[in-house]
Amino acid sequence: MPIQDYVITASSAELRVILRDLLWQCRRLDSIGLAHNELSRPEDHVIISNGRAFIIDFESASLNSRVSNVAQILNALIMGRVYSGSC
């Protein structure tokens, strides 16, 4: 299920678990120096399945970019991209 659909249907407890999982995954990517480079658009790159978040589509990923996966996903969450699917 795309994250923007999950956010609408999930309970606050379920959403809290998914967001914690997603942020943990972003932090892990940051810690190994892998920049996804597209997480500012989570509606296209995060899916939810069986109570877990999955980051997909690493086509633009890079080991040479400044790593900012946590910052990108937090910015998308704060700016409402997950809820509306667009800016």
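Position 1 is the first residue of the sequence, and the numbers go up from there.
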Distance from Ile47 atom CD1 to Gln4 atom CD, nearest 0.5 Å?
11.0 Å
Determine whether Leu23 and Phe54 fall in the same hydrophobic cluster, where Ile, Leu, Val, Met, Phe, Trp and Tyr are linked whenever their side-chain heavy atoms lie under 4.5 Å apart.
no
Leu22 with Leu34, same ILVMFWY side-chain cluster at under 4.5 Å
yes
Hits for side-chain contact (heavy atoms from CB on, under 4.5 Å) against Ser11, two or more places apart or cross-chain, chain-then-number order -> Ala13, Glu14
Residue list, side-chain contact (heavy atoms from CB on, under 4.5 Å) with Ala71, at least two apart or on another chain
Ser68
Donor-acceptor contacts under 3.5 Å from residues 26-33 side chains, at least two apart:
residue	atom	partner	partner atom	Å
Asp30	OD1	Asn69	N	2.9
Asp30	OD1	Asn69	ND2	2.7
Asp30	OD2	Val70	N	3.3
Ser31	OG	Arg28	O	2.8

Can you tell me how far CG of Leu19 sits from CG of Leu15, rounded to the nearest 0.5 angstrom?
4.5 Å
Which hydrophobic side chains are connected to Trp24, either touching it within the sub-4.5 Å cutoff or through other members that do?
none
What residues form a side-chain contact (heavy atoms from CB on, under 4.5 Å) with Glu38, not counting sequence neighbours?
His36, Arg41, His45, Ser60
Could you tell me which residues satisfy side-chain contact (heavy atoms from CB on, under 4.5 Å) with Ile18, sequence neighbours excluded, listed by chain and number?
Tyr6, Ile48, Ala53
For Asp21, the salt bridge (Lys or Arg N to Asp or Glu O under 4.0 Å) test, sequence neighbours excluded, returns Arg52
Verify side chain to side chain contact (heavy atoms under 4.5 Å, CB included) between Asn75 and Leu39, making sure each step is shown before the conclusion.
CA-CA 9 Å; Asn75 185 50; Leu39 291 176; over 6 Å; no
Identify the heavy atoms of Ile73 and Pro42 that sit nearest to each other, and give their distance.
CD1-CB, 3.6 Å
Are Val17 and Leu74 connected in a single hydrophobic cluster, I mean Ile/Leu/Val/Met/Phe/Trp/Tyr linked by side-chain heavy atoms less than 4.5 Å apart?
no
Does anything in residues 54-73 form a salt bridge (charged side-chain N to carboxylate O under 4.0 Å, His left out)? List the pairs, not counting sequence neighbours.
none
